[in-house]
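Just the heavy atoms: all of them, side chains too, but no hydrogens, waters or symmetry mates, feed the values below. Letters go in sequence order (proteins before strands), and every chain restarts at 1.
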Amino acid sequence: MRERLYGKLGDRIFIAALVTLGGAVMFIAALMAWELWSGGAKAFRTFGFWGFVFGREWNVITGQFGAWPFLVGTVITSAVALALAFLPSLAAAIAIAEYAPRWLGEVIAYLVDLLAALPSVVYGLWGIFVLVPLVRDRVEQPLFLWSAEHAPALMGLLGPPTGIGMLSAVLVLALMIVPYASSLARDAIRLVPREQREAMYALGATRWEVVRRVVLPYARGGIFAGVILALARALGETMAVTMLIGNGHQLPYSVFGPAATMASVIANEFTEAEGGLQLASLLAVGFLLFLLSLVVNFAADWILRRMSVGEGHE
Amino acid sequence: METLRMETRDLTVYYGKKAGVRGVSLPIYDRKITALIGPSGCGKTTYLRALNRMHDLNPIVRIEGQVLLDGEGVYASGMDPVVIRRRVGMVFQRPTPFPTMSIFENVVAGLKLVGVRDRDRLMGVAERSLKAAALWDEVKDRLHEPAVGLSGGQQQRISIARALAVEPEVLLMDEPTSALDPISTQAIEDLLARLKEQVTIVIVTHNMQQAARVSDYTAFFLNGDMIEFGPTEKIFTNPADERTEAYITGRFG
Amino acid sequence: MNLRRRYLRDRLMVGLVYLGTSVVLLPLLLIIGYVFVKGVGALNWDFFTKPPAPPGEGGGGMLPAIVGTFIIDLMALAMGGLLGLGGGVLMAEYPEHPLNRPLRMVANVLGGIPAILMGLFAFVVVVLPMGGFSAFSGSVALAILMIPIIMRSTEEVLKLLPWELREAGLALGLPRWRVTLSLILPAAKGGIVTGLLLALARAAGEAAPLLFTAFGNQFLSFDPLGPMDSLPLKIYVYAISPYEDWIQQAWGAALLLALMLMLTNFIARRAMRRR
């Protein structure tokens, strides 16, 4: 037996075990897509796939369910958070990889990593008790009062200045994706060969010119892929958003007012879902979120391959 | 009669506490090619990079002694490394085309830094520099294609054209042919002979035949010291120091 | 010469870069500061040893949540570790295997899926058939979250080992499985442990996948088939509650959780360096 284990048989068993484990992983992923799809099938059947996607009504009492408010909420919050986070996270990446002396760069990088490791619920907790009062008292109420006096037309756009709502959720979301986007950009910048920088310095460039004309163009694939991955993160971010966004599904949303995302509606309503149709609709929202994450991740992959430089010429 | 373009006086370069180059005094004559030879690790590249303040980028490096360019101290207070590097260009061991730029953009990258926008002028400079780098005929029809599509030898000539485009007084070359095939090496050596009519060249090479073929003056480095300097012919036929002789006859290195 | 303007721009950008960096760091330092200051007051002996008290009574603690966190996360690590290691070893040691390409793609896909969907999935495939919320279903959700992280890190550290090491083993007449188990895995031990710990730290902070799987439980429970509490869940529930003493405990739990995750991250990095 021992001899046979040391011959072909042992290797076969080992590979079979590995393939079983690897296959199980693939099975789980496939099953997940399938279960979300079939779990939501009842909703898709009742309202039609596109009818569900574009349905603006989400009403437990009338049994009318459509995902459109959550799709809109997800895309708006994520896109705005990303827009807010992009330049600061790029700045932090440049500071770490290019500008700061080594010790300072390490300290900043360590802090950024630490912040990436903080759980979503902690951001949410901080958001509720620190950010929300701040935003309410210092931003929303003054703006609201100002608009009430000078531009009443704006009041509907701004919405109720309660602190809980779109604005606070977006701010916390931006804070949460900054460390992630920043560490990806930092990795991309560190891949730029030293020779590239030196060649530009040797032409008489200042430090910023080297960053602007050599480092950033060279790292652009990694930076943009990082941005897209950060967007994917933001799309699925659940707890902090759920705690801050106010969970209102009434379109149109206002800047300060309550809103909802796909992840937040699932987190909020799933355990209290009444009846099969609501449950199915929530699973269907999950399936759409699954699709959206898939698309965004593949986009990041594609961008990385399309825009990368550095392999071709070395 | 030879005129001085650059000069170092008692130049010492420290990496942390260790000296990479010790007390080197060397004249660099105008529109001549000066070759720096010696075994690897002898300090010739370290010396070269002190001439245009490339060591400024590395915080652990410290420089003592003087580097003079047209009689002015390169490291004197008030001298700006950005200006120095513009006057003293550099070509590196490996070709360094900027991969996101076209051939044309690569060549005029230095001019764009100082804000030259005029398309005709840029094109004129690109043509002149590419001709000077003996590359014009090969690339004139694809100036707007990526520079990384070129061969290694062509890429190195792009790097040379890019350095020439800002009209430096001195061109430093750090083993410019060591990553190239023999034919490309030949092309670049031919180029050097013509370039020295416009620009002073300092070339580091580990290839003694190359030094003998292309240079007017040769300095031999060993373990951070400059052992011997003189006209190339004298160094290669009648060296004064026995270590120089040992090296050029191939007994070490 | 416009050199002065170029330098001006250079300086300006230095300023902007550091300004951007402080815009990143300041709020985040504030968060850490708040969690620490507000949380420290809630940590006391009862916090670690008592079950929660009804709102308004004061006192009470986090014992069920602390115990539950460990149970759920360790079960998840066992499951996710096994699958992740298997997949990672397959990808690194048998690069010619036809399963690798789809497997790598699947790992990427799983890595990009929001955590809450792991919870939905575990609800459908575990909670529904078993007829109730359970710690086990929560572990399943977290395990799926860990798998891609572990797979990727395992593959990376194994690929760092020189191929000669494998050839040396094979030249001794060892079969490939012995080379992998006795030479390769021990040589990569530090890196593998790092990957496992980082995956653990990532999953341990998640509340979303547990909302409708482990669900939460006011009482101390060791039953993996029944509902169980967990720190992230407790923070969520307490944070949105209207009771002052619960909110206070949420800060304490946040501090405890943050410290545990930092510690795990720290040990993970140490393991990597020691090798």
Between [X] and [Y]: side-chain donor-acceptor atoms closer than 3.5 Å:
X	Y	answer
A:Thr206	A:Glu209	yes
A:Ser120	C:Glu206	no
A:Asn268	A:Asn247	yes

Without swapping roles, check the side chain of [X] against the backbone of [Y] for a donor-acceptor pair under 3.5 Å.
X	Y	value
A:Thr261	A:Ser264	yes
A:Ser89	A:Val178	no
C:Asn217	C:Asp229	no
A:Thr77	A:Val170	no
A:Ser168	A:Ile164	no

Interchain contact, [X] with chain A, by part (heavy-atom threshold 4.5 Å):
X	value
C:Leu25	side chain
C:Leu211	both
C:Leu198	neither
C:Leu261	side chain
C:Met262	side chain
C:Val124	side chain
C:Asp10	both
C:Met91	neither
C:Leu83	both
C:Leu117	both
C:Arg11	neither
C:Thr180	side chain
C:Phe212	both
C:Ala201	neither

Taking [options] one by one, which has the highest count of heavy-atom pairs under 4.5 Å against chain A?
options	result
C:Ile235, C:Leu28, C:Val109, C:Leu30	C:Leu28
C:Leu257, C:Leu233, C:Thr21, C:Thr264	C:Thr21
C:Val14, C:Val23, C:Leu12, C:Ile147	C:Val14
C:Val106, C:Val35, C:Leu19, C:Ile116	C:Ile116
C:Ile144, C:Val125, C:Ile240, C:Leu120	C:Leu120
C:Tyr238, C:Tyr7, C:Phe133, C:Tyr18	C:Tyr18

Please rank [options] by heavy-atom pairs under 4.5 Å with chain C and give me the top one.
options	answer
A:Ala91, A:Ala30, A:Gly236	A:Ala91
A:Leu175, A:Leu235, A:Ile128, A:Ile96	A:Leu175
A:Val112, A:Ile108, A:Thr242, A:Leu31	A:Leu31
A:Gly23, A:Ala100, A:Ala174	A:Ala100
A:Leu294, A:Ile28, A:Leu279, A:Leu36	A:Ile28

Is the C:Tyr34 to A:Phe129 ring centre distance short of 6.0 Å?
no

Evaluate whether atom CZ of A:Arg212 has more than 12 neighbouring non-hydrogen atoms of other residues, nucleotides or ligands under 6.0 angstrom away.
no

Between A:Phe14 and C:Arg176, is there a cation-pi geometry (under 6.0 Å to ring centre, at most 45° from the normal)?
no

Which heavy atom of C:Met118 sits nearest a heavy atom of C:Leu110, and at what distance?
CE-O, 3.7 Å

Please report the shortest heavy-atom distance between C:Ala42 and C:Gly252, naming the atom on each side.
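Looking at all heavy atoms of both residues, the shortest contact is CB-CA, 3.8 Å.
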
